[in-house]
A.B. asks: 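My structure is below; once you've seen it, I'll send some questions.
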Amino acid sequence: MDYKYFPQTEDDLQAMMEKVGVRTLDDLYAQIPDAIRFKGDYQLPSEMSEMEVRELFEKLGSQNKQLTCFAGYGVYDHYTPSVIPSLLQRSEFLTSYTPYQAEISQGTLHYIFEYQSMMAELTGMAISNASMYDGTTACAEAMMMTVAAGKKQNKVLVSAGLNPKTREVLDTYALHQGIELITIPLEDGITKLSALKSLLVPEPVEGLSTNDGVAGVIVQQPNVYGIVEDFTGFAEACHEQKALFVIDSVAADLAVLKTPGEWGADIAVGDGQSLGIPMQFGGPYVGYMCCTEKLIRKMPGRIVGMTKDNRDQRAFVLTLQAREQHIRRQKATSNICSNQSLMALFVTIYMSLMGKQGLKDAAQLSYAGAHYLCDELLKTGRFTLAYDQPFFNEFYVKYDGDADTLYQRFIEAGILGGVRYEDGFLFAVTEKRTKEEIDNLVKIAAL
């Protein structure tokens, strides 16, 4: 049998200890006070054969209750083509790290280049980096980019339609960066241009310092309620006040929705989990970030470019690498490293397999399923749509009854019945949900 990894031998350990100038492992840990050393026995089971270990984990796994998922709130149950995990587990992908040496990393650089090309096209933006940790931190990085580009401006306006999980991350980053976040209130579930303008150009205050201007504006599309917002005039209003316009979107939705580039955004961010990555208990996911060409040097992470070598053959190189290892720490952006690779490859394979039409078909199936579910829930007389606004594949309804009890009934029936939000439910539908599954949820909700 071919094993991927082997532990160090006694000779290996001894050679390493001699190298660092110690004789025993106790000498290696001599500086650790005896009072804080663990002296008991580890609570480990007795040894098992490989077959016994597999059986153990199968029994543990069988205790999980698989639920039919109608929840979203930033994480969506999309279909993953079976070929993707098979390709990802190839050793050259699974064990690869960051491509510091271009001459031996052409394969890695190539697929990162393809990832960037696809994300730039999907968002309608000029530049894409080599991925971020996840969607929430990508949005936080965009917030800091606006302030870095705005120089003496330290305020960022954030729509109340932004997912609260993302807003919490923004609050954490802003606290330690000296950034002031101001909320743009919603009106009838959407961000109004008039509200944005009133905050972009506030009433003059005596003694207002020059660093109190607005550096950026962050909105979400669709917003936390699943509503597809109209951002006509937003970019122009921002640019008139020299503020950058940021749109946070679910990646898969951009297959059919108007892109951030078409809205005139300066920065497009969001999570790429919807591009086939399983929900898998919250990660790992992949954040994307795209921007206009003039912001390229403010963007964290790396950018891979294509060129030709001295034999006139196509070659891929790291065009920009804004990392702490390469430039002065005080001038660095963010430490975006190995996650740029494996999960970026995941969504690259997904988009390659699906193609433009496949992405559109999956999005349209999700849209149709969500609207069918909404119509059927409204027919029960127990639900009302919170906002009379257009929505995509997620919507917010209020429930005439005990919402917590209904949520528990869903669970008992093997259904993850949306997300309990405020005084109602956020339901999401993807291309995986069948009519029978939707009808079953409605039947339980009507009881």
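Note that the structure is a prediction, hence the values are computed from the model and not measured. Atoms considered below: every heavy atom in the structure, side chains included; atoms not considered: hydrogens, waters and symmetry mates.
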A.B. asks: How long is the gap from CZ on Phe383 to CZ on Phe395, to the nearest 0.5 Å?
C.D. replies: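 Between Phe383 CZ and Phe395 CZ, I get 8.5 Å after rounding to 0.5 Å.
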A.B. asks: I'd like to know whether Ile190 forms a side chain to side chain contact (heavy atoms under 4.5 Å, CB included) with Ile227, so could you lay out the CA-CA distance, the side-chain angles of the two residues, the decisive distance to 0.1 Å, and finally the verdict.
C.D. replies: CA-CA 7 Å; Ile190 62 173; Ile227 296 171; 3.6 Å; yes
A.B. asks: Side chains of Glu394 and Tyr76: is there a donor and an acceptor less than 3.5 Å apart?
C.D. replies: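 Yes, because at least one side-chain N or O of Glu394 sits under 3.5 Å from a partner of the opposite role on Tyr76.
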A.B. asks: Should we count NZ of Lys165 as having more than 12 external heavy atoms under 6.0 Å?
C.D. replies: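 Above 12, so yes.
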A.B. asks: Do the side chains of Gln221 and Asp248 get nearer than 4.5 Å, heavy atoms only?
C.D. replies: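 Not touching, per the 4.5 Å side-chain cut-off.
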A.B. asks: Is any side-chain heavy atom of Val219 less than 4.5 Å from a side-chain heavy atom of Val246?
C.D. replies: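 A side-chain contact under 4.5 Å is absent here.
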A.B. asks: Under 30°, 30 to 60°, or over 60°: which ring-plane class applies to Phe392 and Tyr367, parallel, tilted or perpendicular?
C.D. replies: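 Answer is tilted, since the angle falls between 30° and 60°.
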A.B. asks: Quick one, Thr166 with Val169, criterion side chain to side chain contact (heavy atoms under 4.5 Å, CB included). Give me CA distance, side-chain angles, the key distance, then yes/no.
C.D. replies: CA-CA 5 Å; Thr166 306; Val169 174; 5.6 Å; no
A.B. asks: Over all heavy atoms of both residues, which pair between Thr80 and Ile277 is shortest? Give the atoms and the distance, please.
C.D. replies: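 Nearest heavy atoms, Thr80 then Ile277: OG1-C, 4.4 Å.
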A.B. asks: OG/Ser274 to CG/Asp253 distance, rounded to the nearest 0.5 angstrom?
C.D. replies: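 Reported to 0.5 Å precision, the distance equals 6.5 Å.
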A.B. asks: Restricting to non-hydrogen atoms, name the atom on Ala252 and the atom on Ala363 that form the minimum distance, rounded to 0.1 Å.
C.D. replies: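 Of all heavy-atom pairs spanning Ala252 and Ala363, the closest is O-CB, 4.3 Å.
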A.B. asks: Could you walk me through whether Leu170 and Ile218 pass side chain to side chain contact (heavy atoms under 4.5 Å, CB included), step by step?
C.D. replies: CA-CA 11 Å; Leu170 294 188; Ile218 301 175; 4.1 Å; yes
A.B. asks: Got a sec: does the CG of Asp402 have more than 12 other heavy atoms crowding it under 6.0 Å?
C.D. replies: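 Atom CG in Asp402 is crowded, with more than 12 foreign heavy atoms closer than 6.0 Å.
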A.B. asks: Is it true that, when you exclude Lys65 itself, more than 12 heavy atoms of the residues, nucleotides or ligands shown sit nearer than 6.0 Å to its NZ?
C.D. replies: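 Yes, enclosed.
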A.B. asks: Is Glu141 close to Val269 at the side-chain level, that is, under 4.5 Å between some pair of heavy atoms?
C.D. replies: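 Not touching, per the 4.5 Å side-chain cut-off.
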A.B. asks: What verdict does the side chain to side chain contact (heavy atoms under 4.5 Å, CB included) test give for Thr123 and Thr259, after you've listed the backbone C-alpha separation in whole Å, the side-chain angles of each residue and the deciding distance to 0.1 Å?
C.D. replies: CA-CA 5 Å; Thr123 59; Thr259 66; 5.5 Å; no
A.B. asks: So that I can tick it off, tell me whether Arg54 and Glu50 are bridged by a salt bridge, with the cut-off set at under 4.0 angstrom between side-chain N and carboxylate O.
C.D. replies: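 A salt bridge links Glu50 with Arg54.
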A.B. asks: Which class fits the ring pair Tyr225 and Tyr421: parallel under 30°, tilted 30 to 60°, perpendicular over 60°?
C.D. replies: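 Aromatic pair Tyr225/Tyr421 classed perpendicular.
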A.B. asks: Looking at Arg433 and Glu437, does any basic side-chain N land under 4.0 Å from a carboxylate oxygen?
C.D. replies: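 Between Glu437 and Arg433 there is a salt bridge, with a charged N closer than 4.0 Å to a carboxylate O.
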A.B. asks: Under 4.5 Å between any side-chain heavy atoms of Phe427 and Val419, yes or no?
C.D. replies: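 With C-beta onward as the side chain, the pair stays apart.
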A.B. asks: Take atom CD of Gln313 as the centre, draw a 6.0 Å sphere, and report whether it contains more than 12 heavy atoms from other residues, nucleotides or ligands.
C.D. replies: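 Atom CD in Gln313 is crowded, with more than 12 foreign heavy atoms closer than 6.0 Å.
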A.B. asks: For a 4.5 angstrom cut-off between non-hydrogen side-chain atoms, does Leu25 reach Met17?
C.D. replies: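 Leu25 reaches Met17 side chain to side chain.
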A.B. asks: Is Glu376 salt-bridged to Lys379, cutoff N-O under 4.0 Å?
C.D. replies: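 Yes, charged N to carboxylate O under 4.0 Å.
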A.B. asks: Does a side-chain N-to-carboxylate-O contact under 4.0 Å join Arg167 and Asp171?
C.D. replies: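 A salt bridge links Arg167 with Asp171.
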A.B. asks: Using distance alone, with no hydrogens and no angle criterion, decide if Thr9 and Asp11 have a side-chain donor and acceptor under 3.5 Å apart.
C.D. replies: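 Distance-only check fails for Thr9 and Asp11.
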A.B. asks: Does the side chain of Ile247 come within less than 4.5 Å of Gln220's, by heavy atoms?
C.D. replies: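 Side-chain contact under 4.5 Å: no.
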A.B. asks: Whether Arg37 engages the ring of Tyr29 as a cation-pi pair (distance to the six-membered ring centre under 6.0 angstrom, angle to the ring normal within 45°) should be assessed.
C.D. replies: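 That pair does not qualify as a cation-pi contact.
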A.B. asks: Tyr350 and His78: ring-ring contact (aromatic ring centres under 6.0 Å, His included), yes or no, with the steps?
C.D. replies: CA-CA 11 Å; Tyr350 176 84; His78 286 281; 7.8 Å; no
A.B. asks: I'd like to check Tyr288 versus Tyr115 (side-chain heavy atoms, cut-off strictly below 4.5 Å). Are they in contact?
C.D. replies: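 A side-chain contact under 4.5 Å exists here.
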A.B. asks: Run the salt-bridge test on Asp439 and Lys435 with the 4.0 Å N-O cut-off and return the result as yes or no.
C.D. replies: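 Between Lys435 and Asp439 there is a salt bridge, with a charged N closer than 4.0 Å to a carboxylate O.
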A.B. asks: Tell me whether the count of non-hydrogen atoms from other residues, nucleotides or ligands lying under 6.0 Å of CZ in Arg90 goes above 12.
C.D. replies: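 Open: at most 12 neighbouring heavy atoms sit under 6.0 Å from CZ of Arg90.
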A.B. asks: For Thr191 and Glu229, does a side-chain donor sit closer than 3.5 Å to a side-chain acceptor?
C.D. replies: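 Yes - a donor-acceptor pair under 3.5 Å links their side chains.
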A.B. asks: In the structure I gave you, are the side-chain heavy atoms of Tyr285 and Met343 within less than 4.5 Å of one another anywhere?
C.D. replies: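 Tyr285 vs Met343: side chains apart.
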A.B. asks: In terms of ring plane angle, is the pair Phe113 and Phe316 parallel, tilted or perpendicular, where the classes change at 30° and 60°?
C.D. replies: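 The rings of Phe113 and Phe316 sit tilted, inter-plane angle from 30° to 60°.
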A.B. asks: Just wondering, more than 12 heavy atoms not from Gln66 lying within 6.0 Å of its CD?
C.D. replies: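 No, the 6.0 Å shell around CD holds no more than 12 heavy atoms from other groups.
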A.B. asks: Do we see a donor-acceptor contact under 3.5 Å between the side chains of Asp361 and Gln357?
C.D. replies: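 Yes, side-chain donor-acceptor contact under 3.5 Å.
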A.B. asks: Checking ring-ring contact (aromatic ring centres under 6.0 Å, His included) for the pair Tyr42/Phe38: CA distance, chi angles, key distance, verdict?
C.D. replies: CA-CA 9 Å; Tyr42 293 111; Phe38 179 71; 5.3 Å; yes
